[in-house]
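Comments concern the structure below.
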Amino acid sequence: MAAAAALSTPLDVHFSIPPSDSKRTIFFTKPLRTSSTRKFTFSCHSSSKSPPKPKPKPPPNLPESPSPNNPSLSDQLKPLSTTTLSPTKPDQTHLLSKPKSTWVNPTRPKRSVLSLQRHKRSPYSYNPQVRELKLLARKLNDCDDSEEALSLALNEIPFEPTRENALLILNSLKFWPKSYFFFNWIKTQNMFPMETIFYNVTMKSLRFGRQFQLIEQLANEMVSNGIELDNITYSTIISCAKRCNMFNKAIEWFERMYKTGLMPDEVTYSAILDVYAKSGKVEEVLSLYERGVASGWKPDAITFSVLGKMFGETGDYDGIRYVLQEMKSLGVQPNVVVYNTLLEAMGKAGKPGLARSLFDEMVESGLTPDEKTLTALIKIYGKARWAKDALELWERMRANSWPMDFILYNTLLNMCADIGLVEEAERLFEDMKQSSDHCKPDSYSYTAMLNIYGSGGNVDKAMYMFEEMSELGIAVNVMGCTCLIQCLGKARRIDDLVRVFGVSVQRGVKPDDRLCGCLLSVVSLCETSEDVGKVVACLQEANPNLVALVKLIENKKTGFETVKQEFKSVIRDTAVDARRPFCNCLIDICRNRNLQERAHELLYLGNLYGLYPGLHNKTVDEWSLDVRSLSIGAAHTALEEWMGTLAKVVEREEALPELFLAQTGTGTHKFSQGLATSFASHVKKLAAPFTLSEERAGCFVATREDLVSWVQSRIPSAVTV
DNA sequence: TCGGACCCGG
C-alpha cells in the first residue's frame with residue numbers, strides 16, 4: 001500500500017511528456033524521489049576511545065508516589081519530539097548527547113520515567129507435597145484437552161487445594177489450554193482469594209500460545225475485580241502483544257500503566273523499548289532510553305540488544321557504533337545475545353570486516369559463540385562472498401566443536417550457494433542426511449541445493465533434487481521453484497519448465513512477483529514463438545496483467561502514453577524488489593524482438609519510476625553510468641541512451657568533465673553472467689572509446705578528448721540514436 | 001520456582 005502511494009502521487013508532478021518533437025531524456029534530469037524517509041543518524045563520535053560523555057546526574061532515585069494526574073507517555077514525550085527531536089535542526093540530531101536544557105530544568109527536577117527497583121519475588125518455600133503435585137501436573141499435561149478429561153483428572157486430586165499447591169501446579173502446566181482451564185477451576189473452588197500471581201502465571205502460559213485476547217480479558221477482569229496489576233502483569237501483557245505484532249495494544253497498556261501511577265521497572269521498560277523499536281519508532285526509543293538513563297537507570301545487556309537490533313533493521317551503522325560505545329562507557333559487558341544481535345546488525349549495515357573484528361573480540365573476551373552467532377557470521381561472509389573467511393570459520397567451528405543446529409546447517413548451505421561452493425554443499429547436505437533427526441534436510445535445505453545447482457547451471461542435479469523432494473514429501477516452496485525454473489529456462493528446457501511450474505502450483509506453491517519475474521526473463525530468452533507461448537501460458541496463470549503488458553509493448557502500434565499507463569499500473573502492483581527485474585526483462589524482450597525504440601521507452605519509464613536509482617552520477621571531474629543492476633539488454637539500452645545524450649551535450653558545446661566511466665561490476669559471483677563481457681562487446685559494436693580500467697575494477701573509462709572526437713565522428717547519426 | 005533481547009532463502 002505504501003509503495004502504491006509512493007508511486008501514485010509524485011510522478012505526474014515531475015513528469016509531463018514533452019511535445020513529440022523533443023526527445024525524452026533519461027539523464028541530466030533531477031532524479032525523482034519517491035519517498036523521503038528521514039534516516040536518523042547520530043552525529044559522529046570522534047573516537048570510541050574518548051572518555052564517556054558526561055551524563056547528567058540523576059535526581060534522587062525515589063519512586064514517585066502514584067499521582068492521579070500522571071502524564072501519559074505521549075505527553076511526556078511531547079517536549080522531546082518538539083524540541084530535541086526536531087528534524088529541522090540538524091545540530092540537534094545527536095539525540096543521545098547531553099540532553100538539551102529545554103527539558104532539563106534544574107529548578108524543576110525532571111520526573112523519573114522508571115523505577116530502579118525490581119519487583120520483589122515472593123520467597124519460595126519447599127512444599128513437602130511437591131512430588132505428588134508434579135505427578136498431577138504431568139497427568140494434566142498428558143491428558144486430553146477436553147474439559148471432561150481435565151475435570152476427571154482434577155477429581156482425583158490428592159491434596160488440599162491450598163494457595164501454594166495450586167500455584168505449584170499452575171506453574172508446572174505446559175500448554176496454555178491446560179493452564180487456562182486450571183486457573184478457571186481454581187477460581188470456581190473459592191478456597192482462597194485470587195491474587196495477582198495467579199493471573200501472572202496464567203498469562204505467561206497464554207503468552208506461549210499467543211492468546212492475546214484471553215490475556216487482555218484476564219487483565220480487564222483484574223481491573224474490574226480490583227486485583228492489582230503489577231510490573232510483571234504489564235510486562236507479560238506487553239510482551240504478548242508484541243509477539244502477536246499488536247504494537248498498538250502494547251503501547252496502549254503501557255500508557256494505562258503510567259496513568260494508574262505505576263512506574264515501570266527495567267523489565268517493563270525494556271519490553272516497551274522493544275515494542276517501539278519493532279514498530280520502527282526509533283526516535284521514541286531513543287528518547288525513552290535517554291530519559292531512563294537520565295533517571296539513573298543503568299541499562300543492561302537486554303536493552304542494548306534491543307537497541308542493536310533496532311539499528312540493525314535499518315542498517316544504521318552509526319547507531320550500532322553508538323550502542324557499542326554506550327555499553328563501554330556504562331561498563332556493561334556484552335553477553336552472547338548482544339554480540340549476536342550486533343553481529344547481525346553489522347551484516348545488515350554491510351560491514352563484514354567489522355563483524356569479523358567484533359567476533360574476534362567476542363571470542364577473546366572468553367565467550368563461546370553459539371549457533372546464532374555462527375549463523376550470523378556465516379551469513380555475512382556468504383553475502384559478502386568472503387570465501388576464505390567463510391571456510392576458515394567453518395573449519396574453526398568443527399575444530400572447536402562449536403554448537404550446530406539445523407538453521408546453521410541451512411545457513412552454511414546458503415553460504416555455499418552465495419559463494420558457489422558446490423562440492424562443499426554436497427558434502428554438507430550428505431552430512432545432514434546421515435545426521436540424527438533434528439538436522440535432516442528440510443525444505444530450506446532442499447531449496448538451498450536447488451539454488452546451488454540452479455545457479456550453477458546443473459539442471460540434471462537440480463531436477464533430481466526436485467524429484468527427491470516429492471518422494472520424501474518435502475514441500476517445494478516458491479523460492480525453490482523459482483531457482484529451478486530459472487535454471488531450466490537458461491537451459492531452454494521449456495517443456496520441463498512447464499511441468500515443474502504445473503506440479504509446483506499443484507503442490508501449493510503460490511507464484512509471487514519474483515517467480516513471475518523469472519518466468520518473464522525466460523520469455524526474453526525463448527527463441528521460438530512456440531516456446532514463448534508455453535512460458536507465457538504459465539505467466540498468464542500467475543500474473544495476467546503482466547502478460548497483457550508484454551502483448552502491449554510488443555505491438556508496434558501501441559502509443560507511448562498507453563505503455564506508460566499500463567507500465568505504471570503493473571509496477572505499482574508489483575513487490576518493490578521485483579520491479580526492477582520486471583523492467584529489465586521487458587527491455588530484454590524488446591531488444592530480442594528488435595524493438596529498440598520501445599526498449600528506450602521502457603528504460604525511460606523505469607528511470608522515471610525510480611527503478612534505477614543512481615544509474616547516472618555526475619561530479620565536476622567525472623560522469624559515470626552505473627549499469628550494475630541492469631540486465632544486459634537494459635545496460636545496452638542505457639549505454640546507447642547515454643551516448644545519445646552526450647552527443648547532444650557535445651553538440652551544444654556544454655561543459656564536460658575530464659573522465660567518463662561506465663560501471664559494470666566485476667561479476668564477483670562465480671555463477672554471474674558477465675555483464676562486463678557483454679558490455680565490452682556492445683561498446684566495441686558502437687566503436688565507443690571505453691576501455692576496461694586497470695585501476696578501478698569493473699569500470700570502463702573514456703577521456704573527454706576520446707569521447708568528444710568519437711561523438712563528432714558519429715554526428716549526425718549519434719544524435720538520433 | 002511470576003516478567004524483557006539474538007538464527008535460514010531467490
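Naming: A, B, ... by sequence-line order, numbering from 1 per chain. Predicted model, so just to flag it, every value in this text is computed and none were measured.
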Practice problem: Ignoring the backbone of Lys278(A), work out which of dC6(B), dG3(B), dG4(B) is nearest its side chain. | Solution: dC6(B)

Practice problem: Mind calculating the distance between CG (Leu520(A)) and C1' (dG10(B)) to the nearest angstrom? | Solution: 16 Å

Quiz prompt | Distance-only donor-acceptor test, Arg118(A) side-chain atoms vs dG3(B) base atoms, 3.5 Å | solution = yes

Quiz item: dA5(B) P sits how many Å from Glu344(A) CD, rounded?
Solution: 15 Å

Quiz prompt | Short side-chain N/O contact to dC2(B) OP1/OP2 from Lys204(A), under 4.0 Å | solution = no

Exercise. Using the side-chain contact (heavy atoms from CB on, under 4.5 Å) rule, take Val459(A) and Arg493(A) through it: C-alpha gap first, then chi angles, then the decisive distance, then the call.
Key: CA-CA 9 Å; Val459(A) 200; Arg493(A) 280 170 53 170; 3.7 Å; yes

Practice problem: Please determine, for the side chain of Lys372(A), which listed nucleotide (dC7(B), dC8(B), dC2(B)) has the closest atom? | Solution: dC7(B)

Quiz item: dA5(B) base to Asn335(A) side chain: any donor-acceptor pair below 3.5 Å?
Solution: yes

Practice problem: Scan Thr411(A) against the nucleic acid and name what it touches under 4.0 Å (heavy atoms): base, sugar-phosphate only, or nothing. | Solution: sugar-phosphate

Quiz item: Taking atom P of dG4(B) as reference, at what distance in whole Å does atom NZ of Lys298(A) sit?
Solution: 22 Å

Quiz item: Do Ser235(A) side-chain and dG4(B) base share a donor-acceptor contact under 3.5 Å?
Solution: no

Quiz item: Do Asp265(A) and Gln117(A) have a side chain donor and acceptor closer than 3.5 Å?
Solution: no

Self-check item: Separation of atom CG in Asn340(A) from atom P in dC6(B), rounded to whole Å
Solution: 10 Å

Practice problem: Could you state the atom-to-atom distance from CH2 of Trp176(A) to P of dC2(B) in whole Å? | Solution: 22 Å

Quiz item: Does a distance-only test, which skips hydrogens and angles, find a donor-acceptor pair under 3.5 Å between the side chain of Thr341(A) and the base of dC6(B)?
Solution: no

Practice problem: Classify the ring geometry between Phe182(A) and Trp185(A) as parallel (under 30°), tilted (30 to 60°) or perpendicular (over 60°). | Solution: parallel

Quiz item: Looking across every strand, which nucleic acid part, if any, lies under 4.0 Å from Leu515(A) by heavy atom: base, sugar-phosphate, or nothing?
Solution: base

Practice problem: Would you indicate what Asn171(A) reaches in the nucleic acid, counting non-hydrogen atoms under 4.0 angstrom: base, sugar-phosphate, or nothing? | Solution: sugar-phosphate

Quiz item: When you check the phosphate oxygens OP1 and OP2 of dG10(B), does a side-chain N or O of Lys383(A) lie under 4.0 Å from one of them?
Solution: yes

Self-check item: Any Lys309(A) side-chain nitrogen or oxygen under 4.0 Å from OP1 or OP2 of dA5(B)
Solution: no

Exercise. Measure from the side-chain heavy atoms of Val338(A) and tell me the nearest of dC8(B), dA5(B), dC7(B).
Key: dA5(B)

Exercise. Please confirm whether any donor atom in the side chain of Asp577(A) sits under 3.5 Å from an acceptor in the base of dG10(B), or the reverse.
Key: no

Quiz item: Taking the side chain of Thr375(A) as heavy atoms from C-beta outward, which of dG3(B), dC7(B), dA5(B) is closest to it?
Solution: dC7(B)

Quiz prompt | Interatomic distance where CG belongs to Leu307(A) and C1' belongs to dG4(B) [whole Å] | solution = 13 Å

Self-check item: Asn410(A), nearest nucleotide to its side chain (from dC2(B), dC8(B), dG10(B))
Solution: dC8(B)

Quiz item: Going by modelled atom types, is there a donor-acceptor pair between the base of dG3(B) and the side chain of Thr236(A) at under 3.5 Å?
Solution: no

Practice problem: Indicate, with a heavy-atom threshold strictly under 4.0 Å, whether Val336(A) touches base, sugar-phosphate, or nothing. | Solution: nothing

Quiz prompt | Contact under 4.0 Å: Lys242(A) side-chain N or O vs dA5(B) OP1/OP2 | solution = yes

Quiz item: How many Å lie between CE on Met449(A) and C1' on dC8(B), as a whole number?
Solution: 15 Å

Self-check item: Distance flag, aromatic centroids of Tyr322(A) and Tyr317(A), threshold under 6.0 Å
Solution: no

Quiz item: Do any side-chain nitrogens or oxygens of Arg207(A) fall under 4.0 Å of OP1 or OP2 in dC2(B)?
Solution: no

Exercise. Kindly write out the residues that satisfy side chain to side chain donor-acceptor pair (under 3.5 Å) with Asn584(A), not counting sequence neighbours, or none if the list is empty.
Key: Tyr612(A)

Quiz item: With no angle test and no hydrogens, is the base of dG3(B) tied to the side chain of Asp230(A) by a donor-acceptor pair under 3.5 Å?
Solution: no

Quiz prompt | Check: dG10(B) base within 3.5 Å donor-acceptor of Asp418(A) side chain | solution = no

Practice problem: Looking at every strand, decide which applies to Asp512(A) at a 4.0 Å heavy-atom threshold: base, sugar-phosphate, or nothing. | Solution: base

Quiz item: With a 4.0 Å cut-off on heavy atoms, is Glu266(A) in touch with a base, just the backbone sugar-phosphate, or nothing at all?
Solution: base

Exercise. Please state whether the rings of Phe183(A) and Tyr199(A) are parallel, tilted or perpendicular, taking 30° and 60° as the class boundaries.
Key: perpendicular

Quiz item: Under 6.0 Å between ring centres, would you say that holds for Phe466(A) and Tyr446(A)?
Solution: no

Quiz item: Within the structure shown, what part of the strands sits under 4.0 Å from Thr373(A) by heavy-atom distance: base, sugar-phosphate, or nothing?
Solution: nothing

Exercise. Measure from CG on Leu519(A) to P on dG10(B) and round the result to the nearest Å.
Key: 18 Å

